[in-house]
**Student:** 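Sharing a structure, written as structure tokens. Questions coming.
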Amino acid sequence: MIAQVIVDVAAKQTDRIFEYHIPQALDDVEVGSRVVVPFGRRKVQGFVVGLSEKSSFKGKLKDLLLVIDEMPPLTPELVELSKTLSDQIFAYRITLLQTMLPRVMRANYRKILTPIDEKVKNLPLFQGEPVDLNSVSDLDKIVLIKKLLKQNQAKIEYLVENKAKKKVEAQYNLTQKLAFYQEIVKKVPTNAKKQVALLNDIIENFDQYPKKSTDLKKLELSTSVLKTATQKGWLEKQEVETYRDPLKDFEPEKNARKITLNEDQQHALDKIAGSIKNKQAKTYLLEGITGSGKTEVYLHAIQETLNDGRNALMLVPEISLTPQMVRQVKQRFGSSVAVLHSALSEGERYDEWRRIRRGQARVVVGARSAIFAPLKNIGLVVIDEEHESSYKQEDTPRYHARNVALWRSKFHNCPLVLGSATPSLSSRARAQKGVYELLFLKHRANKKSLPEVEIVDLKKIQFAGGQFDLSVNLVEAIQEKIARHEQVILMLNRRGFAAFMLCRACGFVLKCPNCDISLTYHKDTKDMQCHYCGHKEPIPKRCPNCQSQEIRFLGTGTQKIQEELNELIPQAKILRMDVDTTRRKGSYKRILDSFGNHEADILLGTQMIAKGLDFPNVTLVGVINADTGLQMPDYNAAEKTFDLLTQVSGRAGRAQKTGHVMIQTYNPEHYAIELAKTQNYEAFYRKEMQVRHEGNYPPFFFTTLISVASKNEQTAAKFAFAVKRQLMAKLHAPTIILGPTPSSIAKIKNQYFYQILVKYKHEPNLNPILHQLQDKAQEVQKTGLNVYIDNEPERII
DNA sequence: AGCACGCCGACT
DNA sequence: GTCGGCGTGCTC
């Protein structure tokens, strides 16, 4: 038998199948097995993607060396998915296979130099031990090593190591009958208090044994006591494999309330449940405002799936994978839930993943990468907040979890539920066309009225303090709430790095004449540029609209706002939450717990505070500057702004108290802001579709972004123009090729970026051209030129 | 990717 | 002569 293997070498020349003979001893190998194979002179890890009787290879096949895991880590489904996906998103297949697995399963390669000749064994280089070549950098040593190899006095061994460590824990088994312990406890010297305590525990809780060392911790014994007990033959120590359980802090709720669904919810559930039963690969778009009870529909649908004997996969944005969220699911489905998200340690992640792979978890909840969970027999896939851009991975492999979900839904013949208060335009448009089925949740399940939203026009109001960030209105509102012992959430929309020109007098924002997108201030080149068409103009000294000299280039940070608040409202306790304060593991939860316990009055953060948080005591939500998002040079800037404002408004007044929202803006008349005031998604959808139609943007056109990066700006630009010429030669109208234009952040990590945006409706020539480009990309990488291809980009830097 | 082979210039 | 620089080609 022959195994078809994808080897762990990410390169275009090796991005194909290599065949290996399967030796007798390894005939348990399966599709999806992780193996070690000889590859040239080396040994590398690989994945078996097929088995065959005959080989098409002319030369002599080598043998597989090792099958690493007892159970193949990849299911045949995932192996197949890797093939389809690698073609779609221009990633090497091995990269995808690796992405599907926990990081600890990636191979660690080592080269070990071992002496052959007796004479060289005692050289200072070896000192009796083999040498790890990865840690040798000394030039003299390298010379010596080469000499030894040449004279055949030493050899190199190639090792493939597995980083995955199973956690083992000591377990103590009883060796005797109960009566024995009852006898022995009398004979133990009275000063051996801890031994007595241990024996008493054994006698009292005899049937709870064997106990693990964590369980014995409660007795406050030192390890020496356990050691003596083992030596005396009372106990027997055994190493057992355990799972690191990230959910151990969550107690399942004893008597979970039965929640009855309202009419809308029930209708949605019936539809979804019908598709679960009939094994229909149908996509539903569940549209409902905050508080309309989408989660409850998901949970009921998951229950239906389980009742039907199948398993469920639910994705939530990383940001809302909060303890609150996890608790909710855990309470409903108990130990059959597995969670996968980035806050887990690598070990925890590996253990959760193994529980899923072994079929011990029936419900998987996780962030983006959980879409690759090795769950079998899937009966339902849910994507909550489907419009979230975090479902798109921003570096290779640039997959979109929603696309992968569609594929898996087809594979398993099961429904896919996309839920959102503000669906992505593309999903909503598909629902319009009947590709997806639209399910509406019209009413807030908790019957609460929507919060009152007030737009604060920054052109017309007074600022508090010396800075132009906080209006008097907002500061007064905050003070009022604090005086009433209520809490406030303040959001600084996006961490704006791309500064834009704004007129303080009339609110004018300088835009590109061709693209209806604001021009970005380039400090390095001292001009204003459009990131779509490359238009440039000088930095204005006066406002082009009203000739006022009061123009500013904006960009502000959470830290600055915190300082201002400290000055203006000294009595307020402020918690800041942004990437800087949440970098450490668990700090996210710590900040939220602290705020939940009312240890602070104000939670100030970036958009990470906009989603899913539920603090009943919060009665005011303030958006410090709604415009920062609008000024981003992305075609979907308005959509992102509308989403964020709608989401963050939902944080106010979650319980009995009525919520109040204040949105500060220089553009109160912009449709994204105006419509966010009434949270009218449908109206926004219609307006934005019109804008997209006029601009030839998604969902009317597909898009692909090609980025070229180099340390040398000329090199990047030259290559980008060459790519453009090639595209122009082979693609035809109505396909639109924009650029190349320099990226808004002209230099990232000392690399200059140029990008080309291809917009197309139907362009069969594009995929082959881009594959050629991908091959070319590896070739030119040696010259320091990096080329990235992003299918359906969410962001255009 | 990484490793070997191979062909040229500059040293003990 | 030989060491080592990097261009070229291959890995089942």
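Since the model is a prediction, treat every value here as computed from it, not as a measurement.
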**Student:** Once ring-ring contact (aromatic ring centres under 6.0 Å, His included) is applied, do any residues pair with A:Phe702, and if so which ones, sequence neighbours excluded?
**Tutor:** A:Tyr760

**Student:** For DNA chain C, which ranges pair as stems of 3 or more consecutive Watson-Crick or G-U pairs, with both donor-acceptor distances under 3.5 Å?
**Tutor:**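 Looking at DNA chain C, the stems formed by three or more consecutive pairs are B:1-11 with C:1-11.
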
**Student:** With a 4.5 Å cut-off on side-chain heavy atoms, are A:Leu74 and A:Met100 touching?
**Tutor:**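 A side-chain contact under 4.5 Å exists here.
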
**Student:** Grab the CD-C1' distance between A:Gln778 and C:dC10 for me, whole Å please.
**Tutor:** 13 Å

**Student:** Taking all heavy atoms of A:Val31 and all of A:Pro76, pick out the closest pair and write down the distance.
**Tutor:**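 It is CG1-CA, 4.4 Å.
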
**Student:** Sequence neighbours left out, what pairs pass side-chain hydrogen bond (donor to acceptor under 3.5 Å, both in side chains) with at least one residue falling in residues 392-401 of chain A?
**Tutor:** A:Lys392-A:Asp790

**Student:** Table please: side-chain donor-acceptor pairs of residues 2-13 of chain A below 3.5 Å, with sequence neighbours left out.
**Tutor:**
from, atom 1, to, atom 2, distance (Å)
A:Asp8, OD1, A:Gln98, NE2, 2.9
A:Asp8, OD2, A:Tyr109, OH, 2.7

**Student:** Report each atom pair, protein N/O against N/O of nucleotides 7-9 of chain C, whose distance is under 3.5 angstrom.
**Tutor:**
none

**Student:** Take atom CG of A:Leu149 and atom C1' of C:dC3, then tell me their distance rounded to the nearest Å.
**Tutor:**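 My rounded result for the distance is 16 Å.
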
**Student:** Take atom CG of A:Asp8 and atom C1' of C:dT11, then tell me their distance rounded to the nearest Å.
**Tutor:**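 My rounded result for the distance is 14 Å.
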
**Student:** Using whole Å, what does the distance between atom P of nucleotide C:dG4 and atom CG of A:Leu144 come to?
**Tutor:**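 One finds 12 Å between P of C:dG4 and CG of A:Leu144, rounded.
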
**Student:** Kindly write out the residues that satisfy ring-ring contact (aromatic ring centres under 6.0 Å, His included) with A:Tyr158, not counting sequence neighbours, or none if the list is empty.
**Tutor:** none

**Student:** What's the CZ-C1' distance between A:Phe57 and C:dT11, to the nearest Å?
**Tutor:** 8 Å

**Student:** Please list all pairs passing the side-chain hydrogen bond (donor to acceptor under 3.5 Å, both in side chains) test where one or both residues lie in residues 18-29 of chain A, with sequence neighbours left out.
**Tutor:** A:Glu19-A:Ser55, A:His21-A:Asp63

**Student:** Does NZ or CZ of A:Arg725 lie under 6.0 Å from the centre of the six-membered ring of A:Phe721, at an angle within 45° of the ring axis?
**Tutor:** no

**Student:** In whole angstrom, give the distance that lies between atom OH of A:Tyr92 and atom C1' of B:dA1.
**Tutor:**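 The distance from OH of A:Tyr92 to C1' of B:dA1 comes to 10 Å, rounded to the nearest Å.
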
**Student:** Sequence neighbours excluded and cut-off under 3.5 Å, please list the side-chain donor-acceptor pairs for residues 405-413 of chain A, or say none.
**Tutor:**
from, atom 1, to, atom 2, distance (Å)
A:Arg408, NE, A:Glu77, OE2, 2.8
A:Arg408, NH1, A:Ile371, O, 2.6
A:Arg408, NH1, A:Ala373, O, 2.8
A:Arg408, NH2, A:Glu77, OE1, 3.1
A:Arg408, NH2, A:Ala373, O, 3.1
A:Arg408, NH2, A:Leu375, O, 3.4
A:Ser409, OG, A:Cys414, O, 3.0
A:His412, ND1, A:Ile378, N, 3.3
A:His412, NE2, A:Glu77, OE1, 2.9
A:His412, NE2, A:Glu77, OE2, 3.1

**Student:** So, using side chain to side chain contact (heavy atoms under 4.5 Å, CB included) as the criterion, who are the partners of A:Ala361 when residues are at least two apart?
**Tutor:**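 So A:Ala361 forms a side chain to side chain contact (heavy atoms under 4.5 Å, CB included) with A:Ala338, A:Arg355, A:Ile356.
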
**Student:** Is any side-chain N of the basic residue among A:Asp132 and A:Arg110 closer than 4.0 Å to the acidic one's carboxylate O?
**Tutor:** yes

**Student:** Starting from P on C:dT11, measure out to NZ on A:Lys58 and report it in whole angstrom.
**Tutor:** 13 Å

**Student:** Report all interatomic pairs (protein N or O, nucleotide N or O of nucleotides 2-9 of chain B) with separations under 3.5 Å.
**Tutor:**
from, atom 1, to, atom 2, distance (Å)
B:dG2, O4', A:Arg42, NH1, 3.3
B:dC3, OP2, A:Lys111, NZ, 3.4
B:dA4, OP1, A:Arg41, NE, 3.2
B:dA4, OP1, A:Arg41, NH1, 3.4

**Student:** Parallel, tilted or perpendicular: which describes the rings of A:His771 and A:Phe90, with under 30° parallel and over 60° perpendicular?
**Tutor:**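 Tilted.
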
**Student:** Could you give the OH-to-C1' distance, from A:Tyr109 to C:dT11, as a whole number of Å?
**Tutor:** 13 Å

**Student:** Mind listing the residues from residues 14-39 of chain A sitting with a heavy atom below 4.0 Å of DNA chain C? Number order is fine.
**Tutor:** A:Thr14, A:Arg16, A:Phe18, A:Glu19, A:Tyr20, A:Pro38, A:Phe39

**Student:** With salt bridge (Lys or Arg N to Asp or Glu O under 4.0 Å) as the rule and sequence neighbours excluded, what pairs involving residues 88-106 of chain A come up?
**Tutor:** A:Arg103-A:Glu346

